[in-house]
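Numbering starts at 1 and runs along the sequence shown.
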Amino acid sequence: MKQIFLVGALGASLLLAGCSKPAANTNKPAANTNASYKGCVATNAGVGDTIVFDLSPFNRRINILITPLPAITEAVTIDGAIANGERVELHGGGAPAVSGRHGITVNKTGYGTIIRNLVINNFADDGIYIDADEVWVFGCRIGTDVTGTMAMPNQGFGIQVFGGNGNRIGSGTRTGSACDGDCNLISGATNFKANVLLDLDSLNALVRGNFIGTDITGTVGITPQDVRGIIDKGSGNRIGGTVGTTPGGSCSGDCNLISGNNINGGVVLDQAAQNPLVQGNYIGTDVTGTASISNGIAAGYSEGILSYASYATIGGTTPAARNVVSGNVGTGIQVQGIGTVVRGNYIGTDPTGT
């Protein structure tokens, strides 16, 4: 394993090419090749590389204007954490939309990659595009500014899991009421996209403990366009969970806060989805579950949960599995698929059932 340092120049050139000394205008993915490049010695080469950052305290932004970063093709940990809770910002060139100009791309051989503590915004396609097994995304802010209080959209999906088995978006660990710790803030997607897409070849993905559509405080929506919160088209994917949730209290633990998404649902389980599980989430409320941050702008296009899937499970038999689906403009839960079970949820109430 080697550690790769990213030094304080702007542009795409240094993200996957840095080392313990500056290298100007390089675009060689040293973390992928384990090879030395232009004086940057890849010592202790092997799998499990770590990319950390050494940037000026006056500029945490890396501009990636036209040429996208090299795709990740070998397992790597990218950690954008800086002192005092700051994060490195990867900032793209913005509109118009251009296919393939993702913020970060993980190809199939990049299985096991960990992406954490980054701000990823203003790219011409997805913020993060995953087509590999067991990729983990923790503590990132996708589609917002660095403060997590304003939308700064990517032109594609916030996070697209195109394929792969066992991917993890969030870990269910937060240290407070805001979206901190491993909580991902995924908001601000553009028209007719989604903040999170689990695509057809996504298997056994787990999306838990995130804020999707709101700001970092979970008290206001910042997704201004007509977008969906989460779309699931895959098999065996789980949205939310029962670990660390606080029935009757605020959204915590595995609970996703999915609110402020403005068309066709906070959660959409597509007709292609098989055996999805939706548990322990707050959908259409603020983080406390006591105020509305509605999904939707017009009745008939604004369900909290819209399911066309086969054999979906929405809720469960224990209080920890309960979804609170309230405050949405349209229907709370609408089901059209076969074999779906809806049980134990609070629909139209606060977390205490009132």
Discussion item. Among Asp232, Ile212, Ile159, Asn237, exactly one meets side-chain contact (heavy atoms from CB on, under 4.5 Å) together with Val207. Which residue is that?
Written reply: Ile212

Return yes if a side-chain donor-acceptor contact under 3.5 Å exists between [X] and [Y], otherwise no.
X: His91; Y: Asn63; value: no
X: Ser294; Y: Ser292; value: no
X: Ser250; Y: Ser252; value: no
X: Thr288; Y: Asp286; value: yes
X: Asn262; Y: Asn295; value: no

Is it possible for you to say whether [X] and [Y] belong to one hydrophobic cluster, with membership spreading through side-chain heavy-atom contacts below 4.5 Å?
X: Leu269; Y: Ile258; result: yes
X: Ile333; Y: Val278; result: yes
X: Ile78; Y: Val106; result: yes
X: Ile62; Y: Val76; result: yes
X: Leu306; Y: Ile283; result: no

Worksheet item: Please walk me through it: do Ile293 and Thr285 pass side-chain contact (heavy atoms from CB on, under 4.5 Å)?
Response: CA-CA 5 Å; Ile293 306 176; Thr285 75; over 6 Å; no

Return the minimal non-hydrogen interatomic distance between [X] and [Y], and the atom names on each side.
X: Ser307; Y: Ile314; answer: CB-CD1, 4.3 Å
X: Gly94; Y: Ala124; answer: O-CB, 3.7 Å
X: Gly188; Y: Ala151; answer: CA-CB, 3.9 Å
X: Ala189; Y: Gly156; answer: CB-O, 4.5 Å
X: Gly289; Y: Pro351; answer: O-CD, 3.1 Å
X: Gly241; Y: Arg238; answer: CA-NE, 4.0 Å

Donor-acceptor contact present, side-chain [X] to main-chain [Y], <3.5 Å:
X: Asp215; Y: Gly148; result: no
X: Asp131; Y: Phe162; result: no
X: Asn59; Y: Arg61; result: yes
X: Gln155; Y: Asp125; result: no
X: Arg343; Y: Asn345; result: no
X: Asp254; Y: Gly244; result: no
X: Asn275; Y: Gly236; result: no
X: Arg87; Y: Asp79; result: no
X: Asn210; Y: Asn184; result: yes
X: Ser187; Y: Thr214; result: yes

Worksheet item: Within a radius of less than 6.0 Å around CD of Gln271, do more than 12 heavy atoms belonging to other residues, nucleotides or ligands occur?
Response: no

Discussion item. For Leu200, I'd like to know if atom CG has over 12 heavy atoms of other residues, nucleotides or ligands within 6.0 Å.
Written reply: yes

Side-chain heavy atoms of [X] within contact of [Y], under 4.5 Å:
X: Asp49; Y: Glu74; answer: yes
X: Glu303; Y: Val268; answer: no
X: Thr77; Y: Thr113; answer: no
X: Ile115; Y: Ile104; answer: yes
X: Thr149; Y: Thr217; answer: no
X: Phe123; Y: Ile64; answer: yes
X: Leu90; Y: Leu118; answer: yes
X: Leu206; Y: Ile169; answer: no

Out of curiosity, [X] [atom1] to [Y] [atom2], how far, rounded to the nearest 0.5 Å?
X: Asn122; Y: Ile120; atom1: CG; atom2: CD1; value: 12.5 Å
X: Thr144; Y: Ile142; atom1: OG1; atom2: CD1; value: 8.0 Å
X: Ile230; Y: Ile186; atom1: CD1; atom2: CD1; value: 7.5 Å
X: Ser310; Y: Asp270; atom1: OG; atom2: CG; value: 10.5 Å
X: Asn167; Y: Tyr111; atom1: CG; atom2: OH; value: 13.5 Å
X: Phe211; Y: Ile216; atom1: CZ; atom2: CD1; value: 8.5 Å

Discussion item. Between Ile305 and Val325, does the side-chain contact (heavy atoms from CB on, under 4.5 Å) criterion hold? Intermediate values first, please.
Written reply: CA-CA 8 Å; Ile305 300 174; Val325 187; 4.0 Å; yes

Discussion item. Can you confirm if the NZ or CZ of Arg322 lies within 45° of the ring axis of Tyr346 and under 6.0 Å from the centre of its six-membered ring?
Written reply: yes

Discussion item. Run Tyr282 and Ser259 through side-chain contact (heavy atoms from CB on, under 4.5 Å) and show every step you take.
Written reply: CA-CA 8 Å; Tyr282 283 19; Ser259 300; 5.8 Å; no

Fill in: Residues Arg60, Glu89: salt bridge by 4.0 Å N-O rule
no

Discussion item. Taking the basic N atoms (NZ, or NE/NH1/NH2) and the acidic carboxylate oxygens, is any pair closer than 4.0 Å for Lys108 and Asp133?
Written reply: no

Worksheet item: Yes or no on salt bridge (charged side-chain N to carboxylate O under 4.0 Å, His left out) for Arg101 and Asp126, after CA distance, side-chain angles and deciding distance?
Response: CA-CA 7 Å; Arg101 288 191 185 172; Asp126 306 329; over 6 Å; no

Item to complete: Would you please test Tyr311 and Thr340 for side-chain contact (heavy atoms from CB on, under 4.5 Å) and show each step?
Response: CA-CA 4 Å; Tyr311 303 101; Thr340 291; over 6 Å; no

